[in-house]
Amino acid sequence: MRHFGPDVLTVADELTDAYVEIFTAPPWEPRDAEETGKEFRERLEADVRRPGFRALVARSADGGVDGFVTGWITRAPFRTDRAYPKVVAALGADRVDRLLVGAFEIDELGVRERARGTGLGRRLLSGITAAAPGGRAWLMTWDQAHDTLAFYRQCGWREPEFLPGADTDIVVFLSPV
């Protein structure tokens, strides 16, 4: 199911439940489930208003959310909240402008344990990036999420070289072009 802009809020409770289940399990733990859900919901309610926001939601046969992906077009000026300063430190402002600004940014991609290994993550990723401007998309993730890193590499996503001496716990991926 595709959602554009604020209409994703019609399934916000279900997405929040899925997000909490996915992102309080290893390797993301230990995270407080209530606080994690609250933070995600607040971000979602703000993010749906970003230019180019869209989401895909995959449901199981019983109607429950098995997985989802959200994202939007990265605009200038580049954000300074969350882990975005780490991206600038790792790539440099000029490369951020060249590689990331104007591209589709994957913010969240999550697949519940029960649906892993079915190709759902790959389908969600390719589905949401199909209309990326010029085929350009990007994302960042945590360097300790080893299965996640392996997944993006298997999907053909590539890591731009970081600046010499860049020391960060994030990994940036660019879509295959």
Side-chain angles (χ1 to χ4, degrees), residues 1-12 15 18-19 22-23 28 39-58 67-111 119-145 148-177:
M1 174 183 296
R2 291 185 187 278
H3 293 278
F4 299 93
D7 78 314
V8 77
L9 296 178
T10 62
V11 295
L15 292 182
Y19 183 89
I22 295 162
F23 291 103
W28 310 103
E39 289 172 1
F40 172 74
R41 182 64 176 262
E42 288 171 358
R43 282 191 296 113
L44 182 64
E45 289 175 4
D47 291 341
V48 298
R49 289 165 180 73
R50 294 185 182 284
F53 176 90
R54 49 186 193 264
L56 294 178
V57 178
F68 67 95
V69 59
T70 62
W72 51 80
I73 307 297
T74 302
R75 303 282 184 209
F78 199 67
R79 293 172 59 179
T80 58
D81 62 331
R82 296 178 66 200
Y84 292 93
K86 293 178 180 184
V87 174
V88 175
L91 295 177
D94 290 342
R95 289 178 64 217
V96 163
D97 286 342
R98 191 174 71 250
L99 297 173
L100 310 183
V101 172
F104 189 80
E105 177 179 345
I106 305 297
D107 181 54
E108 299 292 353
L109 171 62
V111 175
L120 178 58
R122 190 178 293 264
R123 289 190 304 277
L124 287 168
L125 188 60
S126 65
I128 203 152
T129 59
R136 296 175 48 234
W138 75 281
L139 61 88
M140 68 174 121
T141 191
W142 183 42
D143 68 354
Q144 295 303 302
T148 300
L149 299 173
F151 167 74
Y152 290 120
R153 290 172 182 141
Q154 290 168 354
C155 289
W157 286 57
R158 63 194 193 291
E159 300 159 66
E161 188 173 323
F162 281 0
L163 294 173
D167 184 27
T168 183
D169 62 348
I170 57 112
V171 177
V172 174
F173 282 96
L174 303 175
S175 62
V177 185

Rounded to the nearest 0.5 Å, how far does [atom2] of [Y] lie from [atom1] of [X]?
X	Y	atom1	atom2	value
Leu15	Phe40	CG	CZ	5.5 Å
Phe68	Leu44	CZ	CG	8.5 Å
Thr141	Ile170	OG1	CD1	9.5 Å
Thr70	Ile128	OG1	CD1	6.5 Å
Asp143	Thr148	CG	OG1	11.5 Å

Going by the rule side chain to side chain donor-acceptor pair (under 3.5 Å), which residues pair with [X] if we only count those two or more places apart in sequence or in a different chain?
X	answer
Glu159	Arg153
Trp72	Glu105
Glu42	Lys38
Asp94	none

Could you walk me through whether Tyr19 and Glu108 satisfy the side chain to side chain contact (heavy atoms under 4.5 Å, CB included) test, starting with their C-alpha distance in whole Å, then the side-chain angles of each, then the deciding distance to 0.1 Å, before giving a yes or no? CA-CA 9 Å; Tyr19 183 89; Glu108 299 292 353; 3.5 Å; yes
Considering all heavy atoms of both residues, which atom of [X] and which atom of [Y] are nearest to each other, and what is their separation?
X	Y	answer
Gly127	Leu56	C-CD1, 3.5 Å
Val8	Ala55	CG2-CB, 3.8 Å
Ile73	Gly52	CG1-CA, 4.1 Å
Ala166	Ala90	CB-CA, 3.8 Å
Ala137	Thr129	CB-CG2, 3.7 Å
Leu120	Gly67	CD2-N, 4.0 Å

Can you give the donor-acceptor pairs under 3.5 Å from side chains of residues 97-104 to other protein atoms, not counting sequence neighbours?
none

Could you list the residues that satisfy salt bridge (Lys or Arg N to Asp or Glu O under 4.0 Å) with Glu45, not counting sequence neighbours? Arg41
So, using salt bridge (Lys or Arg N to Asp or Glu O under 4.0 Å) as the criterion, who are the partners of Asp107 when residues are at least two apart? Arg43, Arg82
Can Leu109 and Phe151 be said to form a side chain to side chain contact (heavy atoms under 4.5 Å, CB included), step by step? CA-CA 11 Å; Leu109 171 62; Phe151 167 74; 3.8 Å; yes
Could you pull out all residues at least two apart from Trp28 that satisfy ring pair (Phe, Tyr, Trp, His ring centres under 6.0 Å)? Phe23, Trp142
What pairs meet the salt bridge (charged side-chain N to carboxylate O under 4.0 Å, His left out) rule with one or both residues in residues 122-132, with sequence neighbours excluded? none
Residue pairs meeting side-chain hydrogen bond (donor to acceptor under 3.5 Å, both in side chains), one or both in residues 168-177, sequence neighbours left out, come to Lys86-Asp169
Flag side-chain contact, heavy atom, 4.5 Å: Phe173 against Trp138: no
Are Val171 and Tyr152 packed together at the side-chain level, in the sense that at least one heavy-atom pair is separated by less than 4.5 angstrom? no
Quick one: list whatever passes side-chain contact (heavy atoms from CB on, under 4.5 Å) with Ala131, sequence neighbours left out. Arg54
Partner residues of Asp167 under the side-chain contact (heavy atoms from CB on, under 4.5 Å) criterion, sequence neighbours left out: none
Walk me through it: do Leu91 and Val172 pass the test side chain to side chain contact (heavy atoms under 4.5 Å, CB included)? CA-CA 9 Å; Leu91 295 177; Val172 174; 4.3 Å; yes
